[in-house]
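Atom set for the values below is all heavy atoms of this structure, side chains included, hydrogens, waters and symmetry mates excluded. Here is how names work: the chains are called A, B, and so on, in the same order as the sequence lines, proteins then strands, and each is numbered from 1.
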Protein chains: 2
Amino acid sequence: MADPAAQRTAPPASPLTTGPLARASGVAVSTLRFYERQGLLEPDGRSDGGYRQYSPDSVRRVRFIRRAQELGFTLREVREVLALSDEPGRIVLDDVAEQVSDKLAELDQRIADLRGVRAALALLVETGPVHPTCPVIDAIV
Amino acid sequence: MADPAAQRTAPPASPLTTGPLARASGVAVSTLRFYERQGLLEPDGRSDGGYRQYSPDSVRRVRFIRRAQELGFTLREVREVLALSDEPGRIVLDDVAEQVSDKLAELDQRIADLRGVRAALALLVETGPVHPTCPVIDAIV
DNA sequence: GTCGACCGTGAACCACGGTGCAGGGTCAAG
DNA sequence: CTTGACCCTGCACCGTGGTTCACGGTCGAC
Ligand SMILES: [Zn+2]
Ligand SMILES: [Zn+2]
Ligand SMILES: [Zn+2]
Ligand SMILES: [Zn+2]
């Protein structure tokens with residue numbers, strides 16, 4: 001508004017280079033390049049000098065990758081899901097839904113297992129030294 | 001009872017060699033030797049020819065290792081827990097209890113996270129093609 | 001005693017998820 | 001124009017959890 005000539009178009013939301021993206025998303029620069037090699041993250045472009053340029057959205061994308069990993073997805077799975085969600089126009093949401101349904105069943109199983117162990121271990125801690133033969137194995141197997 | 005001279009002592013419950021143990025516990029022979037290198041599983045002895053001899057209990061032990069792995073424990077953790085449960089006499093059950101308590105907190109966190117994702121993904125599947133920008137990322141991040 | 005199935009060793013190799021490094025170019029402030 | 005921070009590439013390396021291989025010894029049945 002003060003200088004119409006200076007800022008004609010909307011601010012391009014300054015593209016990030018590797019360092020800033022790494023700091024903003026909490027991973028190492030080497031990890032960003034690794035993710036790129038793995039087909040998980042592609043820069044929007046390159047500067048004249050060859051510097052990678054990422055959109056601010058990439059921060060979300062990287063955080064998504066990390067979060068999904070924490071939750072037990074492999075990078076291969078993350079890549080597949082991201083590839084689907086990257087599809088332009090004709091969204092293969094049925095595919096996503098199917099994948100997601102599969103994952104739901106897995107998650108249910110995993111949660112049930114963990115709850116079982118949790119219960120067994122909690123009981124072990126409560127009741128104290130019950131050790132006829134092998135307390136831990138009995139609790140988990 | 002038919003021939004008291006032939007079977008004097010109680011049947012020694014035939015020690016297993018690698019092949020039978022592997023088949024009984026559902027892992028590869030190479031995995032058994034790998035577990036031995038990692039200090040998770042030691043044969044009770046060796047035959048004159050150098051064959052490993054395992055007690056039938058080893059089947060339980062190997063299955064325990066696999067189960068614990070499935071549940072997200074690393075082999076290092078499994079080794080520590082097994083080492084504690086292997087302690088003869090003076091059982092350091094306090095240590096076990098402490099380890100187990102730590103693991104309980106982790107499990108709770110993990111279960112909560114997974115339940116969160118489960119809920120988000122289930123909603124996504126129910127409501128169908130809601131794709132303003134990126135359905136999957138929103139569901140998980 | 002000979003045969004095939006089984007077992008031993010050490011060492012190399014694999015996938016996964018990264019990290020580190022050398023050697024060199026880029027960019028912005030001064 | 002120089003300086004220093006930053007970035008590029010390729011390649012080697014790491015820990016974890018195993019698998020595969022070459023070469024050789026053992027075991028039980030015949
Ligand atoms: Zn690329
Ligand atoms: Zn027991
Ligand atoms: Zn050993
Ligand atoms: Zn979105």
Side-chain angles (χ1 to χ4, degrees), chain A residues 12 14-56 58-59 61-83 106, chain B residues 12 14-56 58-59 61-83 106:
Chain A
S14 54
L16 307 163
T17 55
T18 47
L21 174 56
R23 280 187 291 278
S25 54
V27 305
V29 169
S30 54
T31 304
L32 293 179
R33 291 200 292 250
F34 173 71
Y35 286 168
E36 185 176 339
R37 284 201 298 283
Q38 301 302 307
L40 291 159
L41 176 70
E42 200 66 17
D44 291 351
R46 296 279 186 137
S47 76
D48 286 2
Y51 283 25
R52 287 170 181 79
Q53 289 175 323
Y54 299 96
S55 71
S58 300
V59 177
R61 193 178 177 99
V62 175
R63 288 216 255 253
F64 167 78
I65 296 168
R66 300 250 86 171
R67 174 85 175 132
Q69 270 187 292
E70 265 179 36
L71 295 167
F73 296 80
T74 67
L75 288 187
R76 178 184 307 276
E77 288 170 326
V78 175
R79 180 175 57 222
E80 284 161 11
V81 171
L82 283 177
E106 275 182 53
Chain B
S14 52
L16 308 163
T17 54
T18 47
L21 173 56
R23 281 187 290 278
S25 54
V27 304
V29 169
S30 56
T31 304
L32 294 179
R33 291 200 292 250
F34 173 71
Y35 286 168
E36 185 176 338
R37 284 201 299 282
Q38 302 301 307
L40 289 159
L41 178 69
E42 200 65 17
D44 291 352
R46 297 278 186 138
S47 77
D48 286 3
Y51 284 22
R52 287 169 181 80
Q53 290 175 322
Y54 298 95
S55 73
S58 300
V59 177
R61 193 177 177 101
V62 174
R63 288 217 253 255
F64 167 78
I65 296 169
R66 300 251 90 173
R67 175 83 174 134
Q69 269 188 293
E70 264 179 37
L71 295 168
F73 296 79
T74 67
L75 289 187
R76 179 185 306 278
E77 288 170 327
V78 175
R79 180 176 56 222
E80 285 162 9
V81 171
L82 283 177
E106 275 182 53

Here's a test of your reading of the structure: between A:S30 and A:D48, which maps to the more 5' nucleotide of DNA chain C? A:S30
Tell me which of B:G50 and A:R66 sits closer to the 5' end of DNA chain C, going by the nucleotide each one is nearest to. B:G50
If the cut-off is 4.0 Å, is [X] near the phosphate of [N], judged by side-chain N/O to OP1 or OP2?
| X | N | result |
| --- | --- | --- |
| A:Q69 | C:dC16 | no |
| B:R52 | C:dC6 | no |
| A:T74 | C:dC16 | no |
| A:R33 | D:dC8 | yes |
| B:T18 | C:dC6 | no |
| A:T31 | C:dG17 | no |
| B:Y35 | D:dG18 | yes |
| B:R23 | C:dC6 | no |
| A:R79 | C:dC16 | no |
| A:S47 | C:dC27 | yes |

Given atom [atom1] of [X] and atom [atom2] of [N], what is their separation to the nearest angstrom?
| X | N | atom1 | atom2 | answer |
| --- | --- | --- | --- | --- |
| B:R76 | D:dG15 | CZ | C1' | 9 Å |
| A:L40 | C:dC16 | CG | P | 12 Å |
| A:L16 | C:dC27 | CG | P | 16 Å |
| B:L75 | D:dT19 | CG | P | 11 Å |
| A:E70 | C:dG17 | CD | C1' | 15 Å |
| B:E36 | C:dC7 | CD | P | 14 Å |

Name the nucleic acid region contacted by B:R37, choosing base, sugar-phosphate or nothing; use a 4.0 angstrom heavy-atom cut-off, strictly under. base
Taking any heavy-atom pair under 4.0 Å as a contact, classify B:Q38: base, sugar-phosphate, or nothing. nothing
State whether A:R33 and A:E36 are salt-bridged, where the test is any N-O pair (Lys NZ or Arg NE/NH1/NH2 against Asp/Glu carboxylate O) under 4.0 Å. no
Closest to the [X] side chain: [options]?
| X | options | answer |
| --- | --- | --- |
| A:F34 | C:dC6, C:dG17, D:dT16 | C:dG17 |
| A:Y51 | D:dG18, D:dT26, D:dC8 | D:dC8 |
| A:R46 | D:dG17, C:dC6, D:dC8 | D:dC8 |

Counting N and O atoms only, with roles assigned by atom type, does the side chain of B:E77 sit under 3.5 Å from a partner on the main chain of B:T74, one being a donor and the other an acceptor? yes
Keeping B:R61 on the side-chain end and B:L40 on the backbone end, is there a donor-acceptor pair under 3.5 Å? yes
Any idea which heavy atoms bring [X] and [Y] closest together, and the distance?
| X | Y | value |
| --- | --- | --- |
| A:A22 | A:A28 | CB-C, 4.1 Å |
| B:Y35 | B:Q69 | OH-OE1, 3.2 Å |
| A:T18 | A:L32 | O-CD1, 3.5 Å |

